[in-house]
Each structure stands twice: as C-alpha cells, then as structure tokens.
A.B. asks: 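Please read through the structure below; I'll follow up with questions.
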Amino acid sequence: MSLKDKIKSFLFPSAAKETEDPIAEELYIPEEAAVPEEDGAADETKLELSPDHPLNRLYNRRRQEVNRYLPSPRLCLDEDGVLPMELVEKEKKRLKTVLTSVCKARLKEVNNRNKQKTDSKGKDGEKEGKKKEAAELPPLDALPYFFLSADKLYAWVIVFPPVGPGEEITREMLYEALVDKEIDYGVDTQMMDHVCRDERRYFNLFLIARGKPAFDGKNGNIVDNFPRVIERVLEVDEFGQVDYTALNQIRNVKQGQEICHLIRPTEGEPGRTVLDQEIPAKSGKSVPLPVGRNTEISEDGISLLASISGHVEFTGRSFHVKPVMDIPGNVDFSTGSITFFGDVNVHGDVLSGFTVQAMGNIHVDGVVEAGSTVEAGGDLVVVKGILGDGTTTIRAHRCVFSKYIENATIHVQENLQTDCIMNSKVYCDGEVQVRSGRGSIIGGRVWAAKKISATAVGAQSECKTSVILGGLPCTSFERESVQRELKELEMELEKLECQLDSPVKSSLLGKLRIKMSAADMKMRQLEEDLMNIKMDLEEKGGGRLECGIAYAGTEISFGSETLRLRRAERQCVAKMVCGEILLM
C-alpha cells in the first residue's frame with residue numbers, strides 16, 4: 001500500500017475499506033449484522049447461524065446492494081409443526097453443513113465477479129477493450145437450492161438473490177431447478193407460486209415437497225379366551241379363614257368351543273420419496289395357533305377349537321384340552337379306585353383304602369380319609385381337609401391346598417397352603433404357608449426347601465415338632481422310599497434263597513435281582529443329585545422359618561445343624577448364618 005493510501009485509510013477508514021480486497025471485505029460485518037428475528041420463545045425447528053456465517057454475509061451484501069430493509073433470514077424446517085422432532089433435529093445438523101458449503105461457493109462466485117469487475121475498470125492508459133469486456137461480465141441470477149432429507153421424504157428450497165443486474169427468481173426458474181434435481185413427487189405447487197411472490201422469498205427455507213412414508217404391516221396376534229397363567233392365591237377374610245371351595249381351577253370347555261383366535265398380519269404399505277422412488281415396506285409376521293392335544297383349527301384357519309369337552313390348560317407353547325372326570329359323589333366301592341389321564345373332580349370324599357390318580361388336577365370337595373392315596377400331576381385341592389392314619393399318602397407335582405392335614409404323608413413339588421398340620425410328614429420343594437385359620441404346625445416333621453411360615457409351631461405340651469429347611473425334600477423322600485423298597489427286596493431275597501432249588505425259584509430270583517438292580521441304580525442317581533447341591537446349600541444356608549410363636553420342644557434343622565428350643569420364642573425368625581442357626 002502506498003503512503004498516499006495509508007494516509008487516506010487513516011483519515012477515512014470507510015473509504016479505505018472500499019479500496020481493499022473484495023474478499024477481505026466479506027470478513028467485515030457491520031454493526032447491523034443480520035440477527036434472526038426474535039419470536040419470543042426459542043423455536044427448536046429453526047436453524048440458528050452465527051453472524052459470520054457465509055449465509056449472513058450474503059444477506060449483508062444483498063442489503064447493502066438494494067439499500068433498503070430486508071427481512072432477516074429464517075431457516076425453519078417445520079413451520080406447521082407436523083414433522084417428527086427427531087427428524088427436525090437430525091436434519092438441522094445436515095442443513096447447517098450443506099448451507100455452509102453452498103453459501104461459501106456462492107460467496108466465492110460473487111467475490112470473483114466483483115474482483116473481475118474492479119480489475120477491469122482499468123488504470124490510466126488501460127486499453128479500451130478491457131473496459132468493454134468488463135461491461136459484458138455475465139450477471140448472477142437468483143439461485144434456488146433444494147435440500148432433501150436423508151430419507152428423501154422431504155424437500156426444502158432456499159433461494160439466493162441475484163447479484164447486480166441478475167434476474168429475480170421466477171416460477172420458470174424454480175421449476176427448471178426442480179426438474180434438474182429430479183424432484184417429481186409430492187410437490188406443493190401452491191408453495192412454489194408463493195415462493196416467487198413472497199416478500200421473504202430470499203434467504204428463507206420453504207418446505208416444497210413431501211413424500212409418502214412407508215408403513216410396515218402389523219404382526220399377527222393371538223387373542224385368548226382362556227388365561228394362560230392361573231394365579232393360585234388364597235385370600236384370607238377378616239376372620240382369618242380361607243374359602244377352599246373357590247379354588248376349583250378346572251376351566252371347562254365344550255366340544256367345538258373357541259379357545260383362542262388369530263388376528264392375521266397386515267400387508268405393508270410402500271411409500272415414495274420426493275424423487276418418485278418406491279420405499280419398500282415390511283409385511284407383518286404371522287404367528288401359528290397354539291395347537292395342542294384335543295384341539296383343532298377351524299376351517300377358516302382363524303380359530304382354535306376344542307375337539308372334546310374338558311378342561312383347558314396352557315402348557316409350554318400350546319393349549320391342551322384335558323378330559324375331566326366328574327364324580328358326583330364319593331370315591332368308594334361304587335366307583336372303585338380311579339386312574340385318569342385328565343383332571344378329576346370329586347364332589348364327595350375319597351374313602352379309606354381307595355386311590356385317585358390323575359395326570360391333571362384333582363379337586364375334592366370333601367375329605368381324603370385314612371388309608372387312601374391321592375396323586376395329582378398338577379394341583380390338588382381338598383376343600384374339607386386330609387384326615388389320615390399314618391398310611392395316607394398325598395402326592396402333587398405342583399401345589400397342594402387343603403383345609404387341614406392330619407396324620408398323612410405329603411409330597412409336593414411346589415407350594416403347600418393349609419390352616420393346620422398335625423402329626424404329618426411334609427416334603428415340599430417350595431414354601432409351606434400355615435397362616436390362615438389356626439395356623440398351627442403340631443407334631444410330625446415339616447421339611448421345606450425355601451420357607452416355612454406359620455402362626456404357631458409346636459404346642460404348650462412340648463410335643464416334638466421337627467422343622468427342616470433347605471435341601472431337596474422331594475428327592476430325600478424318594479430316597480427314603482427307595483431305601484424301604486431295597487430293604488423289602490433284600491428280605492424277600494433271603495427268604496427265596498432258603499427255599500429248595502427249583503425252576504420256579506430260579507425264575508423268581510432272576511426277577512427279584514432285576515428289581516434290586518433297578519432300585520440300586522435309582523438310589524445311586526438320587527445320592528448323586530443330593531451330593532451335587534450339598535455344597536451350594538451349605539453356602540446359601542438353606543431356607544427360612546417365620547412364626548408368631550415357636551414352643552419348647554420344637555427342633556429346627558438346617559442340614560446337619562439342629563437347634564432344639566427349650567423355651568417359647570415369640571415372633572421367631574430362624575435362618576442359617578455362618579454355619580449357625582440364629583433366632584431373630
């Protein structure tokens with residue numbers, strides 16, 4: 001810079017800026033730089049740009065050129081508030097990146113044009129041809145730029161104004177740019193016309209086209225008419241009593257009755273982008289009907305029907321209909337012992353000496369008497385109670401609910417709930433709840449893997465009541481049964497060996513040895529199962545005893561540790577801690 005120019009720039013700063021490089025001029029932002037208009041609360045759909053952003057620099061150039069008020073730039077992606085906010089946030093980041101690149105290119109083009117114009121004005125003695133060439137510099141027309149969303153479902157347009165004598169934006173220019181961009185679907189023609197006439201047509205964002213989103217089909221579904229899970233919860237009334245008659249879990253279904261029906265999947269609806277490209281849609285997935293035993297699918301393939309009358313039960317992945325044997329009276333000499341593959345509903349008592357076996361649930365409205373045997377593959381409900389004589393045996397592969405249990409052996413693989421247990425042997429792999437009614441455990445032995453909860457354990461007479469916690473009660477019960485069986489077989493073998501040799505003796509000995517071998521194998525398997533969990537049980541400390549009062553004479557055992565109470569303990573909680581039985 002010459003000395004003259006330096007003095008001039010010192011005395012007239014604004015004039016000096018006019019003589020500087022046009023590119024450097026763009027770095028100068030006047031005090032009235034474009035600031036987005038305030039609309040009160042911040043609009044999350046608007047893209048805010050810094051004052052020195054290339055778009056604001058282009059805006060300042062335009063304002064200086066026309067020398068009048070211009071509306072500030074407004075880059076709002078969703079004027080109507082109909083677009084998902086996640087989409088708006090995502091596209092704002094992309095838009096900022098794209099605008100920065102496009103505006104820089106436009107700004108560079110403007111600066112290059114101005115520089116060429118300035119250079120072509122010529123100095124003293126410059127040729128006349130250069131002046132003519134400068135006068136013929138092509139003007140910059142208005143430039144529409146289309147911004148597409150990442151999924152090509154939306155298209156916006158922003159128009160940059162002309163420079164110098166360039167042509168203002170027209171409808172024809174917009175449509176030509178639209179064709180060049182190949183936007184051919186969902187174009188808002190009214191908005192296109194509005195852009196050309198609107199006062200804010202420059203430096204503003206307009207949503208110009210909307211595609212059609214694809215809609216995936218809905219998956220098929222099964223609507224059940226019978227619950228898949230039955231809540232076996234006994235409710236205690238205000239008097240502390242439980243109504244065991246309300247525990248009949250048999251859900252009857254008639255032949256041909258609908259168990260569940262299918263809602264078919266729907267087909268997906270494909271969409272289209274603003275570029276008129278198809279967006280594929282996924283169809284819903286079908287689900288199979290849960291067909292089980294004694295069920296069939298209807299002719300239209302929608303409904304699952306019962307092929308026989310019986311009891312509906314959901315096991316595993318399918319519905320099954322179990323036949324129900326309904327005994328209107330007692331199980332006695334008129335019916336004989338019962339063995340059934342479904343559910344059994346006895347409206348009377350199970351008399352002494354009779355057996356009821358069922359693969360499903362057993363419901364007895366009356367009493368299970370002394371000397372009888374009941375074995376249920378599911379739940380066992382005895383409304384009036386179990387009155388045994390020491391030989392009564394009860395087995396349930398799920399839960400047992402009974403009014404009371406007396407002088408019986410109970411084998412239950414899940415939970416047991418009753419009002420009173422007296423002089424019985426109970427083996428339970430789950431929890432024993434004796435809280436309703438009297439809530440007493442008196443005499444005998446109760447062994448539960450998880451927890452025993454009772455109002456009272458033992459009696460004031462200090463009768464021996466054994467409570468065992470932890471372990472595998474049912475497996476131990478099986479082991480005791482196999483041990484008894486082995487002893488009986490050994491005694492029978494001794495008797496046979498004392499007899500004279502004969503073909504009959506040889507045949508009986510062979511059969512007896514096969515039985516002993518099978519029993520011995522079963523015993524070894526049970527011993528192995530018990531040994532596998534012994535260490536784990538010792539680390540966890542077994543189960544837990546909770547009772548309102550535990551009388552003297554009560555024995556509490558955890559594995560090999562036993563604690564005999566010598567005085568009554570109230571609000572007793574017993575558990576194993578660090579190898580010792582603690583009462584809390």
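Treat the numbers as computed from the prediction; the structure is a model and nothing was measured.
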A.B. asks: Could you walk me through whether Leu289 and Thr295 satisfy the side chain to side chain contact (heavy atoms under 4.5 Å, CB included) test, starting with their C-alpha distance in whole Å, then the side-chain angles of each, then the deciding distance to 0.1 Å, before giving a yes or no?
C.D. replies: CA-CA 10 Å; Leu289 284 166; Thr295 62; over 6 Å; no

A.B. asks: So does Met359 have more than 12 non-hydrogen atoms from other groups sitting under 6.0 Å from CE?
C.D. replies: no

A.B. asks: To the nearest 0.5 Å, how far apart are CZ in Arg264 and NE2 in His261?
C.D. replies: 11.5 Å

A.B. asks: Indicate yes or no for a side-chain donor-acceptor contact from Thr273 to the backbone of Leu275 under 3.5 Å, with no hydrogens or angles considered.
C.D. replies: yes

A.B. asks: Less than 4.5 Å apart, side chain to side chain, heavy atoms only: is that true for Glu375 and Ile362?
C.D. replies: no

A.B. asks: Under 3.5 Å, side chain of Ser352 to main-chain N/O of Ala370, donor-acceptor pair present?
C.D. replies: yes

A.B. asks: To the nearest 0.5 Å, tell me how far Leu304 CG sits from Ile259 CD1.
C.D. replies: 4.5 Å

A.B. asks: Hey, mind stepping through Lys403 and Asp419 against salt bridge (Lys or Arg N to Asp or Glu O under 4.0 Å) and telling me if it holds?
C.D. replies: CA-CA 6 Å; Lys403 183 67 177 175; Asp419 288 0; 3.0 Å; yes

A.B. asks: Going through the checks in order, is the side-chain hydrogen bond (donor to acceptor under 3.5 Å, both in side chains) test met by Ser318 and His320?
C.D. replies: CA-CA 6 Å; Ser318 56; His320 305 278; 3.1 Å; yes

A.B. asks: Between atom CG of Asp429 and atom NZ of Lys450, what is the distance when rounded to the nearest 0.5 Å?
C.D. replies: 8.5 Å

A.B. asks: Look at atom CZ of Arg272 and say whether more than 12 heavy atoms of other residues, nucleotides or ligands are closer to it than 6.0 Å.
C.D. replies: yes

A.B. asks: Side-chain contact test, heavy atoms from C-beta onward, threshold under 4.5 Å: evaluate it for Lys425 versus His411 and give yes or no.
C.D. replies: no

A.B. asks: How many angstroms lie between CZ in Arg479 and OG1 in Thr475, if you round to the nearest 0.5 Å?
C.D. replies: 9.5 Å

A.B. asks: Within a 6.0 Å radius of atom CD on Glu580, are there more than 12 heavy atoms belonging to other residues, nucleotides or ligands?
C.D. replies: no

A.B. asks: Are any of the side-chain nitrogens in Arg94 or Glu91 under 4.0 Å away from the carboxylate oxygens of its partner?
C.D. replies: yes

A.B. asks: For the backbone of Thr391 and the side chain of Asp389, can you confirm whether one donor and one acceptor N or O come within less than 3.5 Å of each other?
C.D. replies: yes

A.B. asks: For a quick test of reading the model, state the closest non-hydrogen atom pair linking Glu406 to Leu387 and the distance between them.
C.D. replies: OE1-CD1, 3.6 Å

A.B. asks: Taking Arg210 for the side chain and Tyr154 for the main chain, is one N or O donor matched with an acceptor at less than 3.5 Å?
C.D. replies: no

A.B. asks: Any side-chain heavy-atom pair from Phe319 and Asp224 closer than 4.5 angstrom?
C.D. replies: yes

A.B. asks: Just to verify, which of Ile452, Ile442, Val434, Val457 counts as forming a side-chain contact (heavy atoms from CB on, under 4.5 Å) with Ile421?
C.D. replies: Val434

A.B. asks: Assess whether atom CE of Met85 is packed by more than 12 heavy atoms of other residues, nucleotides or ligands within 6.0 Å.
C.D. replies: yes

A.B. asks: I'd like to know whether Leu207 forms a side chain to side chain contact (heavy atoms under 4.5 Å, CB included) with Asp188, so could you lay out the CA-CA distance, the side-chain angles of the two residues, the decisive distance to 0.1 Å, and finally the verdict.
C.D. replies: CA-CA 8 Å; Leu207 182 60; Asp188 189 345; over 6 Å; no

A.B. asks: Between Lys515 and Glu485, is the side chain to side chain contact (heavy atoms under 4.5 Å, CB included) condition met? List the steps.
C.D. replies: CA-CA 10 Å; Lys515 288 182 180 180; Glu485 183 183 354; 5.6 Å; no

A.B. asks: State, without any angle test, whether Thr562 and Ser557 hold a side-chain donor-acceptor pair at a distance under 3.5 Å.
C.D. replies: yes

A.B. asks: Check for a donor-acceptor pair, side chain of Asn225 on one end and backbone N or O of Glu258 on the other, with a separation under 3.5 Å.
C.D. replies: yes

A.B. asks: Which distance, rounded to the nearest 0.5 Å, do you find between the OG of Ser453 and the CZ of Arg435?
C.D. replies: 3.5 Å

A.B. asks: How long is the gap from CD1 on Ile183 to CG on Asp276, to the nearest 0.5 Å?
C.D. replies: 12.0 Å

A.B. asks: Are the side chains of Leu262 and Ile222 in touch, meaning some heavy atoms are under 4.5 Å apart?
C.D. replies: yes

A.B. asks: Can you find a heavy atom in the side chain of Thr465 that is under 4.5 Å from one in the side chain of Cys463?
C.D. replies: yes

A.B. asks: If only atom types and distance count, is the side chain of Thr339 paired as donor or acceptor with the main-chain N or O of Gln357 below 3.5 Å?
C.D. replies: no

A.B. asks: Minimum heavy-atom separation for Arg317 to Pro290, with atom names?
C.D. replies: O-CB, 3.4 Å

A.B. asks: Considering only residues two or more places apart or on different chains, which pairs with a residue in residues 458-469 satisfy salt bridge (Lys or Arg N to Asp or Glu O under 4.0 Å)?
C.D. replies: none

A.B. asks: Would a distance-only check, ignoring hydrogens and angles, find a side-chain to backbone donor-acceptor pair under 3.5 Å from Asn294 to Ser307?
C.D. replies: no

A.B. asks: Just by modelled atom types, is the Asp326 backbone N or O under 3.5 Å from a matching donor or acceptor in the Asn345 side chain?
C.D. replies: no

A.B. asks: For a quick test of reading the model, state the closest non-hydrogen atom pair linking Asp343 to Asn361 and the distance between them.
C.D. replies: OD1-N, 2.6 Å

A.B. asks: Can you name the side chain to side chain donor-acceptor pair (under 3.5 Å) partners of Gln277, sequence neighbours left out?
C.D. replies: none

A.B. asks: Side-chain contact test, heavy atoms from C-beta onward, threshold under 4.5 Å: evaluate it for Cys428 versus Ile410 and give yes or no.
C.D. replies: no

A.B. asks: Please step through side chain to side chain contact (heavy atoms under 4.5 Å, CB included) for the pair Ile386 and Thr418, ending with a clear verdict.
C.D. replies: CA-CA 10 Å; Ile386 300 169; Thr418 183; over 6 Å; no

A.B. asks: Any side-chain to backbone donor/acceptor pair from Ser424 onto Met422? Under 3.5 Å, distance only.
C.D. replies: yes

A.B. asks: Quick check on Glu267: does its CD atom have over 12 non-hydrogen neighbours (other residues, nucleotides or ligands) under 6.0 Å away?
C.D. replies: no

A.B. asks: Which word best sums up how the rings of Trp447 and Tyr427 line up, parallel for under 30°, tilted for 30 to 60°, or perpendicular for over 60°?
C.D. replies: tilted

A.B. asks: Check this for me: Gln460, atom CD, are more than 12 non-hydrogen atoms of other residues, nucleotides or ligands nearer than 6.0 Å?
C.D. replies: no

A.B. asks: Quick one: does Leu563's side chain get under 4.5 Å of Glu561's, heavy atoms only?
C.D. replies: no

A.B. asks: Determine whether Leu416 and Val446 make a side-chain contact, defined as any pair of heavy atoms from C-beta on separated by less than 4.5 Å.
C.D. replies: no

A.B. asks: Do side-chain atoms of Asp216 reach the backbone of Lys282 as a donor and acceptor pair under 3.5 angstrom?
C.D. replies: yes

A.B. asks: Could you check whether Gln255 and Ser309, counting side-chain N and O atoms only, form a donor-acceptor pair closer than 3.5 Å?
C.D. replies: no

A.B. asks: Among Leu380, Val344, Val368, Thr373, exactly one meets side-chain contact (heavy atoms from CB on, under 4.5 Å) together with Val356. Which residue is that?
C.D. replies: Val344

A.B. asks: Considering all heavy atoms of both residues, which atom of Lys254 and which atom of Ala306 are nearest to each other, and what is their separation?
C.D. replies: O-CB, 3.7 Å

A.B. asks: Which pair of non-hydrogen atoms, one from Gly366 and one from Val382, has the smallest distance, and what is that distance?
C.D. replies: O-CG1, 3.6 Å

A.B. asks: Which pair of heavy atoms, one from Phe354 and one from Phe333, lies closest together, and at what distance?
C.D. replies: CZ-N, 3.4 Å

